[in-house]
Structure formats: C-alpha cells, structure tokens
Number of protein chains: 4
Amino acid sequence: MKLAISCQLDYKIEYQTPLVLMLRPRSGAGQWVIKEEYLLEPSVPVTEYTDLYGNLCQRVFTPDGSFSIKTSAIVDVADQIDVDFSANFVPVQELPDDCLIYILPSRYCESDKLGNLAASIVAHVETGYEQVEAIRTWINTNIRYEYGHSNASTSAQDTAQSRIGVCRDFSHLGVALCRSMNIPARFVVGYLYELKPMDLHAWFEAYLGGRWYTFDATQTEPRGNRVVLAYGRDAADVALATQFGNMELQTMWVAVEPAPEQ
Amino acid sequence: MKLAISCQLDYKIEYQTPLVLMLRPRSGAGQWVIKEEYLLEPSVPVTEYTDLYGNLCQRVFTPDGSFSIKTSAIVDVADQIDVDFSANFVPVQELPDDCLIYILPSRYCESDKLGNLAASIVAHVETGYEQVEAIRTWINTNIRYEYGHSNASTSAQDTAQSRIGVCRDFSHLGVALCRSMNIPARFVVGYLYELKPMDLHAWFEAYLGGRWYTFDATQTEPRGNRVVLAYGRDAADVALATQFGNMELQTMWVAVEPAPEQ
Amino acid sequence: MKLAISCQLDYKIEYQTPLVLMLRPRSGAGQWVIKEEYLLEPSVPVTEYTDLYGNLCQRVFTPDGSFSIKTSAIVDVADQIDVDFSANFVPVQELPDDCLIYILPSRYCESDKLGNLAASIVAHVETGYEQVEAIRTWINTNIRYEYGHSNASTSAQDTAQSRIGVCRDFSHLGVALCRSMNIPARFVVGYLYELKPMDLHAWFEAYLGGRWYTFDATQTEPRGNRVVLAYGRDAADVALATQFGNMELQTMWVAVEPAPEQ
Amino acid sequence: MKLAISCQLDYKIEYQTPLVLMLRPRSGAGQWVIKEEYLLEPSVPVTEYTDLYGNLCQRVFTPDGSFSIKTSAIVDVADQIDVDFSANFVPVQELPDDCLIYILPSRYCESDKLGNLAASIVAHVETGYEQVEAIRTWINTNIRYEYGHSNASTSAQDTAQSRIGVCRDFSHLGVALCRSMNIPARFVVGYLYELKPMDLHAWFEAYLGGRWYTFDATQTEPRGNRVVLAYGRDAADVALATQFGNMELQTMWVAVEPAPEQ
C-alpha cells in the first residue's frame, strides 16, 4: 500500500554540532519513493553522501539554539513480507562476496559468543528459513519487550542474558544468532505501519535461498507495510541521527499513515 | 535560490519497453533536494540504482498504451556559479585517481582528434581557468545555436566542423577541447532557471585548482540557479530517458520556477 | 593450464610524462595469479588504484631518458572457454543493473549506427548465444585481418566500412553489433597462448543466460588459455598504457609460455 | 627499503571448510608490490574479490587433509613513517565523507565507553597529532605486552581494564581512544621488519591534518618498514584468515627480510 511516513526531530543546541542523519528513504527493489520532503529549520547548509552500505546520509553542522528536522514521504511498499519455508541455507562457499560481511561479528552482534544459544534454539529444526523463523519466534517468546532496561551500549549478548529489550535489542539478537550459524543477517531500520506505540523501528533480514528475507522478532505474525531507511551490520552502522557533541533532543514525532488518495 | 523544477514525459507505447530514466536530482555538495515527487501513470513497478558515476537511475518496464512520467522537486541551489580565474591547471600526475577517466576520449567527445583546434583557441591564454573560459567563449562565439542540424549521433568533432548545434553539442565540444589539453571535463545535464526556451539543459564542468567548476558555452555570462540531474563523460552516460525499443514521446514539458514561499 | 606471461615496454623519453598502465592481471573468478612481478627501471614512485570497472591501474610519472616496464606472471586459467549454444538472450528489463552500461554506445562502438548490419547478420538465427556466435563468425569471415589500415581512432563503424582491421577492431565491431541488439558486450584485453604473432590481444565478452561468455572474432575456433588484464566498454577504457605527453615506445616484447613445473 | 615478506599457514582439515584470506598485499600510495607469489597446496579453486574497505580477499573452499597456503612478496616501502606534530585535529564537520565510519564504535573498539580514559590521557596535550601520540605512549607504558591473556573476543574495553594484551589489543585500544575524541582511526594488519618475535602484526592509523598517519603502540619509537595487508575498522574486518568451520592451524611461519639484490 502507499504509506505516508513522517518524522520530526526537535533539538535544543548549545553549541554548533556535527550531525549525520539517515532519514531519507531510498527507492530500490522493494520500495518506491513517490513523494518526499526534507526540511531543516532554520535552513542550514547540508550535504548528502552514500555510505558503504548504500544508505543515503545527510551531513549537517547544526546551528545553535532551536533546530528541527522534518522529513516526510509517500512510499509504495508491499502489504505482505515474503515468507518461504522452503528457502534453503546457502553454504558459505556459495554466498555472494558481498554477503560475507554479514556473517562476521559486529559491534552489537557478538555472534562469536552466541553459538551455543543458537544451537539450542534450532536443535530440531530444518536448516534454512525454518531456523531463522525459530530464532525469531524464540526471541519473541523469551525476550520481554520493555523500555528502560537497555541503552545505546546494549549488545546481543547483553540481551541474551537480561532477556529484556526493545526492537533494536531484539534485532541485534536475531542478527547475532543467525550469524553464529553462518546465515548472513543484517540490521534494518525504518517505519512499520500500525506499530504500537508508533516510533521508528528496527528489524532484521536474513539471506536464504539466494535473496534477503524480512524477519521481525517483535511481532507475533509476519507483517508487511514497512519502509526501509537504512541497512547495516548493526545499529552502529545505521544510527538515524549520530551527533558528535552535545545536543538535546526535545521531541521526536513519528507517523505512518495510509497515503491520501491523490 | 529555491527552485521548483518539473518535467513531464508523455508516451504512446505499442509494446511494453524497458526504460531507464535519470530524472531524480540527488542532494550533494552543491544542491539540496527539499521536496520531490516522482509519479508514473499508470503506476507500474519501478526500481532505482546508482550508476558508475553516482547518478540515480530509475528502471521501469513500461506498460503499453499511454504512459506518463511526472517529476517535480524543490531544490536549494546557488544563485551564482563560482568563477575563479586563478584556478590553475592540475598536471595529470597530480590529479585524483577518479579524475583520470575525464581526460580520456569518449563516445561523443573525440578529444584525441581535436588537439589542434584547442591549441589554436588557447594560443595566447594563461593555463588553467582562463583556458577553459577561452574555450567556452570560443564555442559561444563560433558555434551557431540552432535546432535541427544535429542529432543523437552528433559528436564534438561533427560540431567542430558543422559549427551548428544545441546545448548538448556545445557541451560535448567544450568537454572534448578541455580533454585534448589534459584538463578533466565532464558532461552535466539538468535544469537552468530562465533558460529560453525552457527545456532540459546540458553544460559542462572542468576540474581546475582542485575542484570542479561549471561552464556553459550556450550562455554569454556565467549563470547560477542550476539543478544537476546527472554527471557523466558525455551524453551517452547521462541520457535522461533511454528506451530499449520503440516508444513515441508525444509531449515533453519542463518548468523551472522560483519555489513558492512555504 | 598454468601460463607464464610477460610483457616488456622500453621507452625513450625526452620529458617526464604521466603514464597510466594496466599491466597487472587480477585474480578473479576465471583466473588465479600464482606469481607476479612488476618492475620499473629505473625505479620511480608508482601508485595503484582500481578504476570504475574494477581494473588495477598503475600511475607513474616517468623519468626522462630510458625507461622500461617489465611485468611477468604465472596465471592458472582454463584450457577451454565455455561454449553454450543454449545460453539465452536476457531481456533488457531482466538484466542486472551493472550490465546496462554495456548495451549503450561508447567511443569506439557506435552501436546506435550498426543496427541494420547486425539485423542482416542474425536474420535467420536463434536469439541468444547463436546470435553472438553468428556475429563472431561473420566478422571472422568478412573482415580482413591486416595491420596498418586502422589506428587509435578507428571505430566499429569505420571497420564495418573498411572491412579491414586488427584484433582491437574485430572486437569493437563485435561489441557494437551485440549492443545494437541489446546484448550486453564488453571489451577485453589480455594475453592469448599461442597467438601468432605473439602480442597483447583483445577480444570481447557477451552477457547471455545470466553470465559472461568469451568470444574472439580473430579466431576460427573457440580457444581458452587466456589471461585477462582489463575489462571495459571499449579500448578507450582499457588502454594498457596511456601516456599524457610524448613518449617514444622503442620496443615492446610479449611472451606467453606454459609455466615451468615448480 | 625493499622487503621480502613471506607467510605460510599449514592446516590439518577434517572436513572441507570455507576460508577467506587477506594475505595478498596491494600496491597503493605507500607501498609497491614488485614481486609476489601465492600458492595453495594442494591446488584448489580460489577466487578473489575486493571488500568494502578496498582489501583483496581470497576465497577458497579447502580440501580435507593437509592444506598449505604459501605467500611471499617483495615490497618497496618507506624506511621511516611520517611523524608530524603539527598535524591538526580535523573537526568532524570538515572530515571527508569516507572518514566518518572511522569515528564510530565497532565490534572491538567500544569508543562510546572509553571517553573518560581518553580525556584523562590527553588532559594537558595539544589537540591533534600530539593527542594521538599521547595515547600511543600511554598504551605503550601502561599496557603490558604478554601473550595468553587476551583472545579473539577481547575488546578495547577489556584491555583498558586488564592492562594486558598483544599487538591486536594495543591497536584496538588506540583506535577506540582516538575515536572517543572524534579522531578517525583505523586498524591495520601487516608485516613489520625486525619485529621480535617475528609474526604478523597489527597497528593503527589516525586521520590528522588531512591524511592518515601510522601509530604503533607496541613500539617505543616510530618505525617504518611496514607492509600493509589490510585496513578496517577493527580486527573483525581484517582477519587474515577467517574459517567457517573447524580447521586446525598446525604451523604458521612468517618472515620479513631485506630483499636480495636483483
């Protein structure tokens, strides 16, 4: 369906601060950006570049005082994510070269330390899509979704121990468990229609049967209507706003609605 | 200033045809896309990728019958292009690696055949920016701007002989003459405010003193208020619409206006 | 088989000259560089970068006087090129994004002007591999291999008219004819075992049935034992030595032998 | 000087295992590979690709039984590393786009947790090169070089606490401390002449005054004669041999000698 997404960040800033944003969705195989708006108030110089993972990044040196970022877009996306229990495990030696970084450990996904947990979860499961689905279900069942227990330093291993977290933590754990079995997995940030409470969201993708599939451990059922903002190895790669100094985020406002008829 | 640009292409299509478009301006160092809209009517699947030169390309397999592409954007750009007569020639051995392709001949810019003409134009001119400006002025003075004499196969060499052409031909000639003196030059397509008659436009950039400068041989004076759609070696790289089959373009409509106050 | 290749270039140089070389073969899917040597005499600073097409390029600012470049390598390659008459034509809308540049015209391959010739050659031929093979055979039969008639400015269209040329011209014509039918084709330079007379060589590849196949219009039969030095759209992209100034090549020496047993 | 480097890995392998190697040095701005050899015994198919950081990676699916990798090269490198106490701190807003990833935390470099330590080390030091040199000296003085205390999971934070480690740990700590002050830092692996005991080595680079400088916290004095094998954010990016399964490394042999006169 056509989704109208929007995100507004309002800052109070004492000193000018370098800021990198990833708030412009990019058209690609799975989504088409029909309409888009990106406003800085007050208006300041801004440049855009593409990072190593193909994400569009906006660089700005903020003014001091009040500073607002207002982005909105209408994006055409699939109502349903693809689900395919027959999608098979791809042996490492047959993976495309560019998938290999997604089976290595990364900052928040210590896959090198989570092999035992992964093995216990998938003990009696067919290799391939079913394994990732088992991981996803296990996280959904065994990790409590609750704010305030994790923070920007919390890793997959931390979450495996605490058993509490938010979408970011659920996704890191999913990624790390997949990688511990040599299944390429990447971290995704974006918007999800009818997410409650509404916010920016994180989920993960796994590479199976020659393509990437979407998995969301925070949900009980497969759900489409997602708009991707950025892909990466984990949250360290895809922070939607990375500030290099002190900036106080005063309010953040996110909305995902059906796009109005044109 | 903030420019409201728009471009509409209306096709009549007998059979479904693969089509690659380059109609989405990209934010970068010199321009910021505040707002943007990209509509296909009827709506058909479309994907987007980045080409070798960093341009955004839209791929679509058209429907048959009527098909319209409607793009518009509000883009913040500089009112004036930078002019710097002190920008010096950069010796080949000091050029950045990624500039080297821009001193080689390409499909429409046979720089290997235009050395004599370039030498005669810049005979008594200081090396560097002044040389490129001399080339630009020479083209502006000596080539007649007239539609109907050149076509999609016309090259810089053809134009050097015929002395007639349009913006595309003027730019190819400028690019080829620069390259024949080992000055990196690239072809640019985009929008120019107050272009008469209004249309999509082509100009060129030359690399001098460590950065790219804008030159437009169709104009008598330096003019800013340009929105870049794509960069390339010549028109072969940056065709705004490349169709792989028969499609009849019925109407094309381009507008560049000051953006309305928000 | 394992081939021992070598190439030596001896220059006489009046003034120091920027020079870009593409003489280092790269390991990849089809070849493995077991051993390699790359000497400049006298020794001068040299850097290496990767161009847009993935080729390794060596940049040097030559000394004046005598200057020699001596490269050699032992490379493991396939004895036979793959031949598959069932490899089908891939419709443009199904091509990978990075193949699209290889169906556009380029400096020496004016595919936009050679559609009629291509159509006549493949008039009664099955689409796909057979078409490319028909083109290859037509060139081999109808173009006379002879030195001295073509030069660095000769294009596919020139060769289609003159019907005389060398390996570079044969390959440009093959590339251009394929592209005129929307078959991706790229220009290849490298070494061929038992080429007579021995020299650096050029051939082309066409994308069919989801992969690249090797074609060599200078040969009557398919032959393997090739070492690739560089890929590109045409010779403008893959000049093995591009000099930006006057340098006199005094001797050039190329050898391809079976590698000695280790 | 011209260094003759070599590295041999001998494995005993029960089952065929995917393996990614980074053992082929690449010519670039700082080093020129004159001669090189790369042997697999027994010979098995191998491919090579370039990773996100520009490193050459060799992919092989090992045989079972005994398997040896033998690489050697003669590389021309600088006798001294550049030292420049006047190289200034580059504010984040002025960094090149591609430096930004090197100020973010990564798997083994939790720069987000080491700000206090960094601040205490550079408390009375001029910003820029001197800060990095202060960090380097602090590590050299305060971390004990000893094998057996750290392992493949040890991170910069771990080392900051344990105060014991090897070259990899020293470098991770240096990288993390630099990044915590917004100084881009990257992890380097390669060879160092006269390293005692001889082994593959790790050090780091920091971006100051518009270029990268070499720092080695394991050494008391600046030392040149280094051959770089790979760059990355930390050891997770540049493992010289990444095995995806069980393989027993039986012996590893590394040598760095002055190259014999030719």
Side-chain angles (χ1 to χ4, degrees), chain A residues 16-20 44-54 57-62 90-113 151-153 155-157 176 179-183 232-239 242-245, chain D residues 16-20 44-54 57-62 90-113 151-157 176 179 181-183 232-239 242-245:
Chain A
Q16 286 188 276
T17 304
L19 179 66
V20 178
V44 289
V46 55
T47 61
E48 191 166 74
Y49 70 97
T50 305
D51 71 9
L52 290 180
Y53 305 93
C57 302
Q58 300 84 44
R59 288 183 72 172
V60 62
F61 190 45
T62 73
V90 182
V92 174
Q93 65 272 23
E94 294 171 16
L95 287 173
D97 293 337
D98 55 11
C99 281
L100 291 175
I101 55 163
Y102 296 109
I103 49 175
L104 296 175
S106 58
R107 167 72 180 87
Y108 296 112
C109 300
E110 313 97 324
S111 47
D112 47 328
K113 296 179 177 173
N151 59 40
S153 289
S155 72
Q157 194 183 22
R179 289 185 191 163
S180 74
M181 300 185 306
N182 288 336
I183 298 172
R233 301 202 296 187
D234 60 31
D237 291 332
V238 296
T242 305
Q243 61 194 62
F244 299 95
Chain D
Q16 286 189 277
T17 305
L19 179 66
V20 177
V44 289
V46 55
T47 62
E48 191 167 72
Y49 69 98
T50 306
D51 71 10
L52 290 180
Y53 305 93
C57 303
Q58 300 84 44
R59 288 183 73 172
V60 61
F61 190 45
T62 72
V90 182
V92 174
Q93 65 272 22
E94 295 171 14
L95 286 174
D97 293 336
D98 55 11
C99 281
L100 291 175
I101 54 163
Y102 295 109
I103 50 175
L104 297 175
S106 59
R107 167 70 181 88
Y108 296 112
C109 300
E110 312 96 324
S111 47
D112 47 327
K113 297 180 176 172
N151 58 41
S153 290
T154 304
S155 72
Q157 195 183 21
R179 288 184 192 166
M181 299 185 306
N182 288 336
I183 298 173
R233 302 200 298 186
D234 61 30
D237 292 332
V238 296
T242 305
Q243 62 194 61
F244 299 95

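Fair warning: this is a prediction, and the values are worked out from it, not measured in the lab. Letters A, B, ... are given to chains in the order of the sequence lines, protein chains preceding strands, and every chain is numbered from 1.
Scored by the side chain to side chain donor-acceptor pair (under 3.5 Å) test, D237(A) finds Y53(A), R233(D) as partners (sequence neighbours excluded). Evaluation of the side chain to side chain donor-acceptor pair (under 3.5 Å) rule for D112(A) yields R107(D), S153(D) as partners, not counting sequence neighbours. Here D98(A) pairs with nothing under the salt bridge (charged side-chain N to carboxylate O under 4.0 Å, His left out) rule; sequence neighbours left out.
Using a 4.5 Å cut-off between heavy atoms, E110(A) touches chain D through backbone and side chain atoms alike. The contact between V20(A) and chain D is made entirely by side chain atoms (from C-beta outward), counting heavy-atom distances below 4.5 Å.
Looking only at heavy-atom pairs under 4.5 Å with chain A, the residue among N182(D), L95(D), V92(D), T242(D) that has the most is V92(D). Per-residue counts of heavy-atom pairs under 4.5 Å with chain A were compared for I101(D), D234(D), I103(D); the largest is that of I103(D).
Contacts from residues 44-52 of chain A to chain D, taken as heavy-atom pairs separated by less than 4.5 Å, involve Y49(A), L52(A) in sequence order.
Atom CD of Q93(D) and atom OG1 of T17(A) lie 9.0 Å apart (nearest 0.5 Å).
The minimum heavy-atom distance linking A236(D) with P105(A) is given by the pair CB-O, 3.8 Å.
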